[in-house]
Amino acid sequence: MELKSSATLPERALHIALKVEGGKCQRGDGAGCAISSNSATTPGDMTERGCTYAGCRGVVGGPVKDAIQLTHGPIGCAFFSWGYRPHLADTDFHMKYTFVSDMNETNIVFGGEKKLLQSIIEASREFPEAKAVFVYNTCSTALIGDDGRDVAKQAEAIIGKSVVFFECEGFKGVSQSAGHHVGNETIFRQLVGSVEPEGDFSRTINIVGDYNIKNDIRTFEHLFEAIGLRIVTRFTGNVGVDDLKIMHKAALNVVHCQRSATYIADMMKEKYGTPYINVTLWGMKHMAQALRDTAAVFGLEAEAEVVIERELAKIKPKIDYFRQRLTGKKVFI
Ligand code: SF4
């Protein structure tokens, strides 16, 4: 007997495909295999993607290593967003601690602005080494109308550091994707360009849309440096608040995840005239192409070829080892 809890919710029929006899599969509405995606999540049901808050807190803001990451909402939202993405960095402050205003029923009835202000002040006193406080709004605090922007302004005056308020309440968009947009837009508006450093930035780039989830930055940063370029800001993997503030100084944005981060590259192009190129930084062929495309902007083509040749020569024995053993075999990765 099929339990009621096992039955497909009608709203989810287009997102589920079942294996049927003969190895074929059938979607919940009886049609073919292709499941429908990028449509609104169904509350109360498991979905593949997080909410807008998760996209903003978990993907874009969360990797900033020296900011206090404070959720304005119930403890559940904060726990949901904490520790499930290993955006690594050379310090672990952002991974080790999570902060929340811990809204309970009373706060929902009487408002949570005072509690938020108190949370920001307390957290920044407890961790004076933090360079800024990032505050993320959630469904419940948005629904009761807490004015987080105003609280952030008040808090900034009290603690003397940037307090960045992300209007990323969970229900705001179809999925976490809307949160990437909010994250990009808020960081651009509140941090980028707030400091004007001196120096020569003619041969500099930003790596945009890499989140250093498994230390991936380590695999490619030195290659850009080897062709003569300096990386100003990583948006946002292994990055500090001060780096974000001077992001506008770089001569080129090299955009890796185009889905989550083209927003900021577009805004920088419009406001500062910073050009950008789209690249893929994973895999040898793509990486070599990324180096060539980047080098072409700076007239460093010859330097790029030297680096590509040297790196490919280093890795060739390892590839040969596997090629010998795997030729003619099917490999599942
Ligand atoms: S912000 Fe809203 S949708 Fe996201 S975890 Fe919190 S309650 Fe759930």
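We count residues from 1, following the sequence as given. Whatever order the structure lists them in is the order used to number ligands and atoms, beginning at 1.
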Keeping to distances under 2.8 Å, can you name the protein N/O/S atoms close to atom 2 (Fe) of ligand 1?
C139 SG
Does the pair D92/K65 count as a salt bridge with the N-to-O cut at 4.0 Å?
no
Specify whether H181 and Y263 have parallel, tilted or perpendicular ring planes, treating 30° as the upper limit for parallel and 60° as the lower limit for perpendicular.
parallel
Yes or no, since that's all I need: does a protein heavy atom fall within a distance strictly under 4.0 Å of atom 8 (Fe) of ligand 1?
no
For atom 5 (S) of ligand 1, what's the nearest protein heavy atom and its distance?
F80 CD2, 3.7 Å
Once the angle between the rings of F127 and Y97 is folded into 0 to 90°, is it parallel (under 30°), tilted (30 to 60°) or perpendicular (over 60°)?
tilted
Is any side-chain N of the basic residue among K153 and E156 closer than 4.0 Å to the acidic one's carboxylate O?
no
Inspect the contact between K314 and E311 and indicate whether a charged nitrogen and a carboxylate oxygen are less than 4.0 angstrom apart.
yes
Which one of R57, E169, Q69 satisfies the side-chain hydrogen bond (donor to acceptor under 3.5 Å, both in side chains) criterion with Y136?
Q69
Counting heavy atoms not belonging to Y272, are there more than 12 under 6.0 Å from its OH?
yes
